[in-house]
Amino acid sequence: MSVVEPGAVSSDLVGRVKRILLTPSPEWERIDTEPATIKGLYVGYICILAAIPPVAGLVGSLVFGHGIPGLATIRPSPVGAIIGAVVGYGLSLLSVFVLGLIIDALAPSFDGRKDKLQAFKVAAYSGTAGWVAGIFGLFPPLAIIGGLAGLYGLYLLYTGLPRVMKAPKEKAIGYTVVTVICAIVLYVVIGMITGAIVGAAAIGGGIAASKVAGADSGSVTLGGQTYDLGKMDEASKKMEAAAASIEAGKDIPLTSPDVLKGLLPGAAGGYARTSVESSSGGAGGMGMSVARGDYEKDGKRFTLAVTDLGALGGMTAMASAMNAQSTSETETGYEKTSTAGGQLTTEKWDREAKSGGYTVVIGHRFSVEANGDAESIDDLKRAVASVDARKLNSLAR
């Protein structure tokens, strides 16, 4: 009995997991030719393995709490932790679905075979490493190991795409790179949405009374966090419209890479631009367009990139509407996600390595990101600010 047969859980589930992790190449060959359905992939594989990270994380957070350097261990409220686990699980299932659509839509651009079922096979089985590694969530201090182990999924994607989607060898690498970029953006955005919901729920505030208090103004306050229902509804409609275009195979018009390249300044915050490149790819509504430049000064170097997120812009709009906020500290740095003035921003910085990244999403459509080495995070912020936000907002409209 196949692990992808609808309505059944095969005794070979464990065997499939072992083979895809230890011997991915021959296993992708088997996956390529075996019969399957999208429903079967979900019932017999995705829904089972995708439950590992949220369940392990739920147990770990309730038993051990979350330790923050310099502060006491924090234990979330049971209700908040359960809500977080359920939301995380649901968005994990959604991410597989969207990634499958991305893989299928990109296939013709790299002379691959456009086949939704085959694309969903790749999306499903390439997630195996991350799901299995989620078991480390049982002990929160080891969760970072699980995250690193989950990066093995990128290799699974690299080995699976050319075999299952039949992309020519000379174009397989490009296909993989563009898919990985889309996947990373997808997972970051979904992570922001999860963090926004979990963060609010973990505070433990009551939603019922707040809902009544904010009903007339079109907003809801949960755990001290206020959400604009109008903005959330607008973001939801954007996501629905994008999904409809993807399903219909319609292209969402993207900004020309040359236009984006023209937005990259010759110098940013005293760092001189040493190179610049641009590219675009994708079809069926899942394309992306990007321009990036390298900047250097006194041996330090970072990359400044402007990306038209296309259909994924609707998801950033939802994260922004949900007022995404999260902060984590390490001994040498920090990571932070925030929403200010309707713009979603993320930043991370390592004080010892003097390296990090800063990203701003403009007009719920364009990502402006600076990543690399600099004297301080302020240098990266100045680089992002050097890109004409007014022009991007105009293009977004």
Exercise. Rounded to the nearest 0.5 Å, how far apart are CZ of Phe97 and CD1 of Ile102?
Worked result: 11.5 Å
Problem set entry | Carboxylate-amine/guanidinium contact Arg273 Asp294, below 4.0 Å | no
For this session: Apply the salt bridge (Lys or Arg N to Asp or Glu O under 4.0 Å) test between Asp104 and each candidate in Lys114, Lys116, Lys121; give the one that qualifies.
Result: Lys114
Problem set entry | Check: Trp349 and Lys354 side chains under 4.5 Å, non-hydrogen atoms | yes
Exercise. Is Leu157 reachable from Val132 through a run of I, L, V, M, F, W or Y residues, each pair having side-chain heavy atoms under 4.5 Å apart?
Worked result: yes
Exercise. Any side-chain donor paired with an acceptor under 3.5 Å for Thr255 and Asp308?
Worked result: yes
For this session: Return yes when atom OH of Tyr158 has more than 12 non-hydrogen atoms of other residues, nucleotides or ligands closer than 6.0 Å, and no otherwise.
Result: no
Problem set entry | Stepwise side chain to side chain contact (heavy atoms under 4.5 Å, CB included) test for Leu93 and Tyr42 | CA-CA 8 Å; Leu93 300 182; Tyr42 266 97; 4.1 Å; yes
For this session: Determine, for Arg16 against Glu34, whether the closest basic-nitrogen to carboxylate-oxygen distance falls under 4.0 angstrom.
Result: yes
Exercise. If Ile, Leu, Val, Met, Phe, Trp and Tyr residues are connected whenever their side-chain heavy atoms lie under 4.5 Å apart, and connections chain through other members, are Leu260 and Tyr295 in the same group?
Worked result: yes
Problem set entry | Which atom of Ala119 lies closest to which atom of Gly100, heavy atoms considered | CB-O, 3.4 Å
Exercise. At what distance, to the nearest 0.5 angstrom, does CG of Asn371 lie from CG of Leu304?
Worked result: 10.0 Å
Problem set entry | Common cluster, Val306/Val290, ILVMFWY with side-chain heavy-atom separation under 4.5 Å | no
Exercise. Say you draw a straight line from CZ of Arg382 to OG of Ser376; how long is it, rounded to the nearest 0.5 Å?
Worked result: 5.5 Å
Problem set entry | Side-chain ion pair, Arg19 and Asp12, N-O less than 4.0 Å | yes
For this session: Calculate, to the nearest 0.5 Å, the distance between atoms CD1 and CZ belonging to Ile377 and Arg351 respectively.
Result: 11.5 Å
For this session: Flag the pair Ile103 / Tyr175 as yes when at least one side-chain heavy-atom distance between them is below 4.5 Å, and no otherwise.
Result: yes
Exercise. Could you walk me through whether Val122 and Ile31 pass the side chain to side chain contact (heavy atoms under 4.5 Å, CB included) check?
Worked result: CA-CA 9 Å; Val122 177; Ile31 290 170; over 6 Å; no
For this session: Consider only side-chain heavy atoms of I, L, V, M, F, W and Y, link residues closer than 4.5 Å, and tell whether Met165 and Phe110 are in one cluster.
Result: yes
Exercise. Do the non-hydrogen side-chain atoms of Asn393 and Ile362 ever get within less than 4.5 Å of each other?
Worked result: yes
For this session: Kindly compute the distance separating CG (Leu41) from CZ (Phe120), expressed to the nearest 0.5 Å.
Result: 9.0 Å
For this session: Answer whether the closest heavy-atom distance between the side chains of Phe366 and Leu395 falls below 4.5 Å.
Result: yes
Problem set entry | Interatomic distance, Phe302 atom CZ to Lys297 atom NZ [nearest 0.5 angstrom] | 9.0 Å
Exercise. Should Lys300 and Tyr271 count as side-chain neighbours, where that means a heavy-atom distance under 4.5 Å?
Worked result: yes
For this session: Begin from the C-alpha positions of Val17 and Trp131 and carry the test side chain to side chain contact (heavy atoms under 4.5 Å, CB included) through to its verdict.
Result: CA-CA 10 Å; Val17 170; Trp131 293 326; over 6 Å; no
Problem set entry | Cluster link Leu161 to Leu99, ILVMFWY, side chain under 4.5 Å | yes
Problem set entry | Heavy-atom closest contact (Pro24 atom, Tyr155 atom, distance) | CG-CE2, 3.9 Å
Exercise. Do any N or O atoms from the side chain of Ser126 and from the backbone of Gly153 form a donor-acceptor pair under 3.5 angstrom?
Worked result: no
Exercise. Can Lys348 and Tyr358 be said to form a side chain to side chain contact (heavy atoms under 4.5 Å, CB included), step by step?
Worked result: CA-CA 7 Å; Lys348 58 181 179 180; Tyr358 182 71; over 6 Å; no
Exercise. With a 4.5 Å limit on heavy-atom distance, are the side chains of Thr359 and Val384 in contact?
Worked result: no
Seminar exercise, completed: Between Ser289 and the options Val259, Asp258, Leu254, the side chain to side chain contact (heavy atoms under 4.5 Å, CB included) test singles out Leu254
Exercise. With a 4.5 Å heavy-atom cut-off, do Val164 and Trp28 have their side chains touching?
Worked result: yes
Problem set entry | Residue pair Leu380 / Ala374: nearest heavy atoms and the distance that separates them | CD2-CB, 4.0 Å
Problem set entry | Lys/Arg N to Asp/Glu carboxylate O, Asp32 vs Arg113, below 4.0 Å | yes
Exercise. Are Glu347 and Lys381 within salt-bridge range, i.e. N to O under 4.0 Å?
Worked result: yes
Seminar exercise, completed: Which of Leu21, Ile20, Val14 passes side chain to side chain contact (heavy atoms under 4.5 Å, CB included) with Lys18? It is Val14
For this session: Verify whether one side chain among Tyr45 and Thr128 offers a donor that lies under 3.5 Å from an acceptor in the other.
Result: yes
Problem set entry | Taking every non-hydrogen atom, the tightest pair across Ile52 and Gly134 | CG2-C, 4.0 Å
For this session: Indicate the atoms forming the closest heavy-atom contact of Ser92 with Ala50, along with that distance.
Result: OG-CB, 3.8 Å
Problem set entry | Minimum side-chain heavy-atom gap Thr37-Lys39 below 4.5 Å | yes
